[in-house]
Amino acid sequence: MNHPPVVEWTEADQPRSARWRSENGAPPPRRIVLADDRTKADDAYRLACEGTALLWRGDFHNARQLLTAMARRIDRRPRKTPPADVTQAFHLHRAAQNHRARILGMLLVPLDATFAVPLHRAPDVREACTRAYGPGEPAHAEASGTTAGTAPTTTLVSLRELLALIGANEWRKKGVEIPALGGDRIHPHYGVFSPARGEYVDLVAEAPLPTEELAFDIGTGTGVLASVLARRGVRRIVATDQDPRALACARENTERLGVAGQVEVIEADLFPAGRAPLVVCNPPWVPAKPTSPVEYAVYDPGNRMLHGFLNGLADHLTPGGEGWLILSDLAEHLGLRPHAELLDAFAKAGLTVLGRLDVTPRHPRARDTSDPLHVARAAEVTSLWRLGRTDRTASAP
C-alpha cells in the first residue's frame, strides 16, 4: 500500500503534520512558514524562490490576489531575446514554464478530510477535489493538521493546483462543443486532455471510412474520436486507454452521447486483442517530458506511444485494413523529430502511406506573434495519415 508523503511544520509552538498532494509530482516542501493577509507579495516571492513554502491561514480571496502578485513578479523579469534556434527556444520556454510552476506552487492551502478548505471566504471545492482525487473521509478531522506522530487528516495542496481543479470541474460540467458531433458536447474529466482544438476531430469526421463494421480507438482519452466514429455509423468500436480517469471519462461521454451500445471502453496499453479493419490513434504530438497529468496527452518522451502504435499496427489490421494516425508536425518545426524519421518509422513497421488529409490550426496561439514559439506554431499542420500494411496494393499520396 502506498502512503502519501507527509509534511511537517511548526505552528503556535506545536509540531504539525499533514498529507502532501501534488498532481504534477512536485516533492513535498522541506520548509513551511505561515502566511496570512499581512504577508507582502515581495516577501512571499522571495521565500518561494528560496524554496520555502507558504501555508496560507488568511482570507481565501486574498490568497488568490497574492498568487497573482507573485505571478506578476515572475512575468516582469527582463525577458531575454529568444534564441534563433527554435529547438533551443522550445527548451528554454519549457524551463521557464517549469520555473514559474515551481515558484507559484509554493503557496499552499489546507484541505480537511472531506476536502473542505478551512479558510475565510473559501469556495466549496469538495466536488472538484472528489472528482479529481477520489472520495474524502468522514468529517471528523482538525482543520489545522495534527501533531507529529499521529496520522494526519489534513492535506496540503498548492493553491495553483486547487484553482486548476476548480476550473477543470467547471469545464467538466459545461463541456466542450464538438462540431463533428453536431454541436453535442464532450465533458473532459480532470487530467484528461480536452478536445478544445477541434481540427484533429474534424479530420476523423471527414476521412473516407474503409469500414462500418469494427474500429479500434487507441488511447481514447475523452472518447471523442470513438464517439465520432459511432455517429458516422461504425457499428462497433473498441476504445482503449490505461489511465483510470480517461476510462471513466470515455464511458461517461459515450453514455451521454447515446453511443455506449457501439463503443466498448477497455483498459489496455495501446491495442486490444484481435484485428480490425480500422485502427485510429491520436498520440501525443511532441517528444518531450510531461510535467503534469494532462501533459501526457501532449508530450510523449522518446515518441514511446507513437512508435508503439506504429510497430504494433500491422499485426492488428485485417487484410486491406487502414490505420489512421492523427499527428501534428509541430515537433518537426521545433527540431524535435525530423520528417524523415516519421517516414522511416512507417517503413520499419511494415506500413505504407495510402493517403493523407491535412488541416492548419485554428487556435489563437498560432497567430500570437509574442509567443516565443510563434514561427513553429504558425507553420504547424495536423495530418491524418492513412496507413496500410505493405503487403497490400497502395499508391503513394
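Quantities reported herein were computed from a predicted structural model and do not represent experimental measurements.
- To the nearest 0.5 Å, the span separating CG on D202 from CG on L357 amounts to 11.5 Å.
- No side-chain donor-acceptor contact under 3.5 Å links T220 to the backbone of D217.
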Would you mind writing out the side-chain donor-acceptor pairs for residues 259-279 within the sub-3.5 Å range, not counting sequence neighbours?
| unit_1 | atom_1 | unit_2 | atom_2 | d |
| --- | --- | --- | --- | --- |
| Q262 | NE2 | A230 | O | 3.1 |
| Q262 | NE2 | V234 | O | 2.9 |
| E264 | OE1 | R236 | NH2 | 3.2 |
| D269 | OD1 | R304 | NH2 | 3.1 |
| D269 | OD2 | R304 | NH2 | 2.9 |
| R275 | NH1 | D315 | O | 3.4 |
| R275 | NH1 | L317 | O | 3.0 |

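- A salt bridge links E199 with R197: at least one charged nitrogen is closer than 4.0 Å to a carboxylate oxygen.
- Judged purely by distance below 3.5 Å, without hydrogens or angles, the side chains of W56 and D59 never pair a donor atom with an acceptor atom.
- Aromatic ring centres of F346 and W385: separated by under 6.0 Å.
- Judged by the 6.0 Å and 45° rule, R131 forms no cation-pi pair with Y190.
- Expressed to the nearest 0.5 Å, how far NE2 of H120 lies from CZ of F60 amounts to 12.5 Å.
- Here A314 pairs with L351, R389 under the side chain to side chain contact (heavy atoms under 4.5 Å, CB included) rule; sequence neighbours left out.
- Enclosure of atom NZ in K289 is not indicated, since only 12 or fewer non-hydrogen atoms of other residues, nucleotides or ligands lie within 6.0 angstrom.
- Side-chain contact of E8 with S17: a donor-acceptor pair under 3.5 Å is absent, judged by distance alone.
- In this structure, CG in L156 is found 12.0 Å from CZ in R16, a value given to the nearest 0.5 Å.
- For the residue pair E161 and N24, no side-chain donor N or O sits within less than 3.5 Å of a side-chain acceptor on the partner.
- Between D37 and R57, none of the side-chain N atoms (NZ, or NE/NH1/NH2) sits under 4.0 Å from a carboxylate O, so this pair counts as no salt bridge.
- For the 3.5 Å distance criterion, the side chains of D358 and S383 qualify, holding a donor opposite an acceptor.
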